[in-house]
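As the structure lists them, so they are numbered: ligands from 1, and atoms in each ligand from 1. Note that the structure is predicted; figures quoted are calculated from it, not measured. Heavy-atom basis, side chains included; hydrogens, waters and symmetry copies ignored.
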Amino acid sequence: MNEVLRSLGTMYNIERAATAIYKAQVRAFRGTEIADKLRAAIVNEQEHADNLKARIEELGGTAPRMGLLFQMGGMALGFATALLGKMRVLKTDGWVERKAVKDYSGFLQRVDFDEKSAALIQRNIEDEKMHIKNWEESIQILLKPRTGY
Ligand SMILES: [Fe+2]
Ligand SMILES: [Fe+2]
């Protein structure tokens, strides 16, 4: 398998994990605006997984079957952080997203992607940056003292 397909496959696995992490965490925020942000992120990460899979197939490859393992790992991480509390969830999610931006940017630098794949990765990176901002804002929401009813 060439490096382009291998790298797209790795990113696909990471996206499956991200989707599963957020799905496992959303219940911890029931009834809050942070739950809405998590639900939007689930949809967005699923789009990332789907667009990477589609690109892999356009290039004649197949999405890695290890995706299921990453999905299960993500779910475990999501549930574990949810047990540890809302702040732990948001701090972990910020870390996950910053790592994604770093890893994806590294791929863009190292791997000689075709234009279409590079553009797709760049769009995904912009979305992950938005997620970082979302989780930072959510931490501020959590820290804000609640004012009366
Ligand atoms: Fe993503
Ligand atoms: Fe993300």
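Inclusion of H131 in the first shell of the Fe ion (ligand 2) is supported: an N, O or S atom falls under 2.8 Å. In summary, D127 places no N/O/S atom under 2.8 Å from the Fe ion (ligand 2), failing the contact criterion.
Taking 4.0 Å as the cut-off between side-chain N and carboxylate O, D36 and R39 count as a salt-bridged pair. In summary, E58 and R55 engage in a salt bridge, as defined by a charged side-chain N under 4.0 Å from a carboxylate O.
Atom CG of L77 sits about 12.5 Å away from atom CZ of F70, to the nearest 0.5 Å. Atom CG in D127 sits 8.0 Å away from atom CD in E45 (nearest 0.5 Å).
Between OE2 of E128 and OE1 of E15, the angle at the Fe ion (ligand 1) works out to 130°, rounded to 10 degrees.
Ring orientation note: the planes of H131 and H48 are tilted relative to one another, at an angle of 30° to 60°.
As for H48, its N/O/S atom nearest the Fe ion (ligand 1) is the one called ND1. Of all N, O or S atoms in E45, the one lying closest to the Fe ion (ligand 1) is OE1.
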